[in-house]
Amino acid sequence: MAATRKQYPFDLIEPKWRQFWLDNKTFRASDGGSKPKFYILDMFPYPSGAGLHVGHPEGYTATDILARYKRMRGFNVLHPMGWDAFGLPAEQYAIETGTHPAATTRKNIATFRRQIQMLGFSYDWNREVDTTDPDYFKWTQWIFLQIFKKGLAYESEVPVWWCEGCKAVLANEEVSGGVCDRKGHTNVVRRPLRQWVLKITAYADRLLEDLKLVDWSEAIKEMQRNWIGRSEGAEVKFQIADLKSEITVFTTRPDTLFGATYMVLAPEHPLVEKVTTVAQRAAVSAYREAATKKSELDRTDLAKEKTGVFIGGYAINPVNNEKIPIWVADYVMMGYGTGAIMAVPAHDTRDLEFAQKFNLPVIIVVQAPAGQESIGFVGDGVSVNSGLITGLPTPEAKKKITAWLEERGLGKKAINYKLRDWLFSRQRYWGEPIPVVHCNKCGVVPLPESALPLTLPEMHDYTPPASAEPPLAKATDWVKTTCPKCGGPATRETNTMPQWAGSCWYYLRFIDPKNPQAFVAKDKEKYWMPVDLYVGGAEHAVLHLLYSRFWHKVLYDLGHVSTPEPFMKLVNQGMILGEDGQKMSKSRGNVINPDDVVADFGADSFRLYEMFMGPLEASKPWSTKGIEGVNRFLGRVWRLFVDEKAQQDFELAVAAGTPGEQALAGVKLSPAIKDAVPTPEQLKLLHATIKAVTDDLDAMGFNTAISRMMEFVNEATRWVAAGQPLPRKAAEPFVLLLAPFAPHVCEQLWTMLGYTQSLAYEPWPGYDAALLVAKEVEVVLQVNGKVRDRIRVAAGLPQAELEKLAHANEKVVQHTAGKTVRKVVVVPDKLVNIVAA
RNA sequence: GCCGGCGUGGCGGAAUGGCAGACGCGGCGGACUCAAAAUCCGCUUCUCGCAAGGGAGUGGGGGUUCAAGUCCCUCCGCCGGCACCA
C-alpha cells in the first residue's frame with residue numbers, strides 16, 4: 001500500500017479534526033439540561049503493555065457511532081473512557097525489572113490513550129478515570145467500607161488456589177481444571193489462607209430475579225442464571241445408627257426418599273472421621289488422602305470412573321427407618337449443599353453409576369411415563385413404593401413429603417446456590433489496599449473515611465514472601481500503625497483487592513469523576529443512571545457483570561444510587577479473528593496492529609471496516625482486502641464531492657512541498673454539487689437511504705447501514721458521470737448520515753460545503769415516507785411456487801386486476817396449459833401464485 | 001453429558017413466511033493508458049445449452065404451507081458457556 005497513491009488525503013484530514021475536537025471540547029457532556037440523556041458505555045480496557053488490539057476498537061467504534069448518532073438526534077450523550085489499570089502484569093514486570101508498577105501503568109495508559117484518540121472516538125476526555133489513581137481508589141475503598149459495615153465482608157480461612165507459577169492466589173474463577181487461567185500454569189495447588197470474602201450469596205436471589213429488569217441477550221442472562229445456579233429442594237436429616245449424630249443432606253428430589261439405598265459423604269466432610277468404624281479406618285483414610293491429592297491436581301480427570309469406600313457406619317432413612325450404608329466418595333463435593341447426599345440410584349445418573357459399580361441396591365420409586373425405562377429415569381413421573389406419596393405425580397409428591405418432614409422436624413424446604421461468596425483478597429502489591437487494621441484489642445477495625453485513600457507504600461522488592469503472605473507484609477513501616485478505635489498498636493491489612501474491584505463501579509465515577517466529597521453526587525447520579533447501553537466482550541458475561549451488579553445493589557440498598565440495576569441494555573461484540581480465521585495471537589503471527597492499519601488506510605476506513613465486517617455480535621476474520629474495499633468506498637465519496645482539477649492541484653502542491661494544511665484548504669467542492677432541485681429519482685434514493693440507515697442504526701445493524709450508503713454513492717456517482725448535478729439537498733444529508741461512521745472525512749466535507757461549525761450536533765436527516773412509495777412495482781408471477789415471469793404494474797392494483805394480468809401472461813399460460821387452476825394466491829404489489837394441476 | 005448460539009456462492013456476509021445471494025472482497029471482460037497502477041463501466045450460485053431457455057440450490061432427512069434460509073420434528077457438524085451442583 002505504501003507505494004500506491006492514497007484514496008484521499010486522510011493523513012491530513014484526520015489529525016486536523018481530532019485536534020479540533022479536543023481543542024473545542026466538542027464532546028463534553030453537561031450534567032443536565034433540557035435534552036434527554038443517553039449514557040453509552042464501553043467496557044474500559046486494561047492498558048496492557050502490548051497496546052491496543054484490533055478487537056478493542058470494534059466495540060468502541062460501535063458505541064462511538066451510536067454516541068454521535070444520538071447527539072445528532074438531540075440527546076445529551078455521556079460517552080466516557082478510562083483505565084482499569086490495577087493488575088498483575090505490571091507487578092510481574094516490576095518483579096522482573098524493578099520498575100514501579102505505577103510507572104509501567106502510566107506508560108501503558110499513555111499508549112492506549114494515544115491509540116484510542118487516534119481513532120477519533122468522541123469521548124468526553126474530561127471524565128477520564130484511572131482505577132489506580134488515589135482519587136479514584138479512595139472511593140473504591142470507601143465502597144468496600146460500606147460493604148464491610150453492612151456485614152457483607154468477612155474474613156475466613158479459605159483453601160485457595162495457589163499458583164506456583166504466578167506466585168499468587170487465584171480466584172476459583174481463574175482456575176479451570178487445575179490450570180491457571182491467566183498464564184496457563186499447571187502447578188496450581190490448594191492451600192488454606194486467611195482471606196477476605198464478600199457475601200454475594202446474600203444477593204443471589206435478587207441477582208437472579210432482577211435479570212428480568214434488563215435488556216440483555218438471553219444467552220448472557222442464561223449464563224448468569226447458570227452461574228447463580230439456584231435450585232429448590234429440601235434438607236433432610238438422617239440419624240446415624242448407634243450414634244447421636246445426624247447427617248443433613250440437600251436434595252432436589254425429596255420425593256425419591258424411599259429409594260435412598262445408601263448415603264455419600266464428601267471426603268472432606270467432618271462426620272467422616274466420626275462415623276468411620278475401626279475396621280474401615282485404614283481404607284477410608286487412604287481414600288481421603290488420595291482424594292485430596294486428586295483435587296489438588298486435576299479434578300475434571302476424575303469424571304471418568306466413580307470411586308468410593310464404605311465407611312462402616314449406617315444411617316436411618318427417616319421415612320421408612322431402613323438402615324442404609326454410608327460411603328465416602330469424591331463425586332460428592334464439600335462445597336455444595338451440605339457436602340452429603342442421599343443416594344437414589346434408580347433416579348440419579350451418578351448414583352446409578354456408583355451403585356452399579358459397588359453392587360448397591362436399586363429401588364424404583366418413580367414410575368416413568370409409558371414407554372420409558374424407570375431405572376435411571378430422572379424426570380417427573382409418578383411416585384411408587386413410596387408410602388404416603390405413592391401415586392402422586394412428582395411435583396405434588398415433593399410438596400407432600402417436604403411438609404411431612406417439616407411437621408416431624410426431620411427436614412425442611414431449602415434452596416441452594418452454586419454461587420459462592422466472592423473471594424475478595426489477593427496477595428499482591430498492585431491493587432487497592434483493603435482499608436482495615438488488625439488490633440489485638442479491638443479485632444478488625446475499619447479505617448475512618450478521613451484516612452482514605454489508603455495508598456500503597458513505596459517498595460523496591462515486589463516479590464511475595466515464600467510464606468504466601470502478600471508482598472505488602474514486607475513494608476513493615478507501613479504495616480505498623482495504630483488502631484483508629486483504641487489508639488493502641490495495630491497492623492494494616494496486607495491483602496489487596498482483586499482487579500474486579502475498580503471495575504465494579506467505574507460507570508458511576510464517570511458521572512462525576514472529580515468529586516472530592518462523594519463517589520458520585522446524588523443529583524448527577526439520578527440524572528445519568530442507568531447506563532442505557534453497555535458494550536463489551538462476552539468474556540465478562542459472568543464475573544464482571546455479576547460483581548458490579550452486586551455492588552450496585554448494595555449501594556442501592558444503602559440509598560447511594562437510584563436504580564436497582566446499573567446496565568439497561570447490554571451487547572457483546574464478537575471476536576475479531578486473524579486473517580487465517582484463527583484467534584489472533586503473537587505465536588500464530590496473525591495479529592493486526594491498529595497503528596499500521598490507521599497509517600495505511602486512516603482511522604475512518606478502520607472504523608468503517610470494523611463495522612462492515614459483519615454483525616457486531618458475531619466473530620469474524622480480519623481481511624486486508626476487505627479494508628481496502630471500504631477505503632475505496634471513502635475514496636469514491638471524496639471524489640464525488642471534490643473538484644477533480646483542485647484535487648490534481650492539491651497533489652501537485654503537496655508533491656512540491658506546500659504544507660498539507662494549506663494545500664488541503666485549496667481543495668474545492670465538485671462543480672457537480674449545485675443548488676439544483678433533486679429529481680424524483682434522486683429524492684427517492686436519498687430518502688430510502690436515510691430511512692434504511694436510521695433503522696439500521698436503531699437496530700445496531702452497522703454493516704447493512706454501510707451497504708446502503710455504498711449503494712447511494714454508487715448511484716450518485718452514476719448521476720455525476722452522466723452529467724447530472726448532485727443537488728446539495730441530497731449531498732448534505734448524505735454527509736450527515738456517514739458522519740457517525742467516518743467522522744473525520746465528513747467534517748472535512750462539511751467544511752467544504754461551506755459550514756463553519758462541526759457537524760457533530762447537526763440534526764439527523766429525516767425522511768418523508770411519502771417519497772418512498774413507488775408508483776410502479778414489479779410483481780412476480782408464479783406457477784406452483786416457481787417464478788415464471790415478472791411484470792411491472794401500477795402500485796396498488798386490486799387483486800382481481802392482478803389475477804387477470806397473471807392469467808393473461810404468456811409465460812404463465814405456457815406453464816398452466818392443459819392444467820386445471822386449483823387456487824390463486826395474490827399478494828398485492830408483490831406476487832401472484834397460480835396453483836394448477 | 002447439560003445449556004446457549006450458529007451452519008447461505010470461491011470468501012466476509014444480506015434477506016417483516018412472498019424474486020435467495022443486497023453490499024463488499026476475489027475472479028473475468030471492457031474503457032482510459034505507450035504500458036502498468038489507480039480509476040470508471042459491465043458480468044460473476046452451480047449445472048445443461050451456441051442461444052432462447054431449462055434444471056438444481058441456504059449442513060442431511062422428514063413435516064406444516066399456495067409459498068420455507070426463515071416455522072415444527074429429527075440427525076450431523078462447528079463455536080461459546082457450565083461441568084459429578086445432588
Side-chain angles (χ1 to χ4, degrees), chain A residues 3-7 176-177 217-227 229-231 233 249-253 256 264 266 299-300 302-304 306 329-333 335-344 347-351 353-354 378 416-420 538-539 541-542 572 574-575 579 581 609 612-615 617-630 632-633 635-636 639 644 692 701 703-711 714 717-718 721 778-787 789-790 811 822-827 829-836:
Chain A
T4 58
R5 187 176 142 189
K6 286 191 174 65
Q7 284 281 339
S176 53
S217 73
E218 212 30 61
I220 298 287
K221 286 192 189 185
E222 197 56 28
M223 278 197 226
Q224 293 226 336
R225 285 190 204 108
N226 289 339
W227 194 265
R230 183 183 199 272
S231 60
V249 302
F250 173 74
T251 177
T252 54
R253 293 300 299 269
T256 61
V264 183
R299 291 186 91 96
T300 53
L302 305 178
K304 304 275 149 57
K306 295 274 181 293
D330 64 7
Y331 81 92
V332 173
M333 307 286 139
Y336 184 77
T338 61
I341 62 156
M342 63 173 203
V344 184
H347 307 295
D348 182 285
T349 318
R350 297 148 303 180
D351 296 346
E353 203 186 311
F354 191 82
V378 298
N416 246 294
Y417 300 94
K418 281 205 285 187
L419 184 69
R420 305 299 154 77
E539 67 273 20
V542 178
N572 292 115
M575 215 180 339
E579 293 215 61
Y609 177 61
F612 186 64
M613 291 169 83
E617 301 194 58
S619 290
K620 53 244 156 188
W622 183 268
S623 154
T624 298
K625 287 290 179 194
I627 192 169
E628 283 172 17
V630 293
R632 229 161 6 232
F633 163 66
R636 282 164 72 86
R639 289 188 294 276
E644 219 176 311
N703 54 333
T704 45
I706 295 165
S707 302
R708 296 308 291 252
M709 291 188 281
M710 287 175 168
E711 287 179 272
N714 289 345
T717 303
R718 259 173 235 130
E778 190 178 75
V779 171
V780 171
L781 304 182
Q782 296 182 332
V783 177
N784 292 331
K786 286 196 174 176
V787 180
D789 205 1
R790 293 143 216 256
K811 301 260 179 58
R822 304 270 184 215
K823 188 173 182 177
V824 179
V825 181
V826 181
V827 182
D829 289 347
K830 282 241 166 94
L831 127 175
V832 180
N833 187 14
I834 296 171
V835 186

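If you're wondering where the values come from, they're calculated on a predicted model, not measured in any experiment. Letters A, B, ... mirror the listed sequences (proteins, then strands); counts begin at 1.
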query: So, is A:R718 close to the B:C40 phosphate, meaning a side-chain N or O under 4.0 Å from OP1 or OP2?
result: no

query: Charged N to carboxylate O under 4.0 angstrom, A:E218 versus A:R225?
result: yes

message: If you assign each of A:P621 and A:G629 to its closest nucleotide in RNA chain B, which residue comes earlier from the 5' end?
response: A:P621

task: Please report, rounded to the nearest Å, how far the P atom of B:A14 is from the CE atom of A:M709.
output: 15 Å

query: Syn versus anti for B:G69, judged by chi lying within 90° of 0?
result: anti

A:N226 vs B:A83: side-chain N/O to OP1/OP2 distance below 4.0 Å: no

field: Ring-face cation of A:K306 near A:Y331 (centre distance under 6.0 Å, axis angle within 45°)
entry: yes

Phosphate OP1/OP2 of B:A38: any A:R639 side-chain N/O under 4.0 Å: no

- request: Provide, to the nearest angstrom, the distance between the CZ atom belonging to A:R253 and the C1' atom belonging to B:A86.
  value: 11 Å

query: So A:T251 and A:M342, side chain to side chain contact (heavy atoms under 4.5 Å, CB included) or not? Walk me through it.
result: CA-CA 8 Å; A:T251 177; A:M342 63 173 203; 3.7 Å; yes

query: Does the B:C84 base have a donor-acceptor partner in the side chain of A:K306 within less than 3.5 Å?
result: yes

- prompt: Of A:V835 and A:V780, whose closest RNA chain B nucleotide lies nearer the 5' terminus?
  reply: A:V780

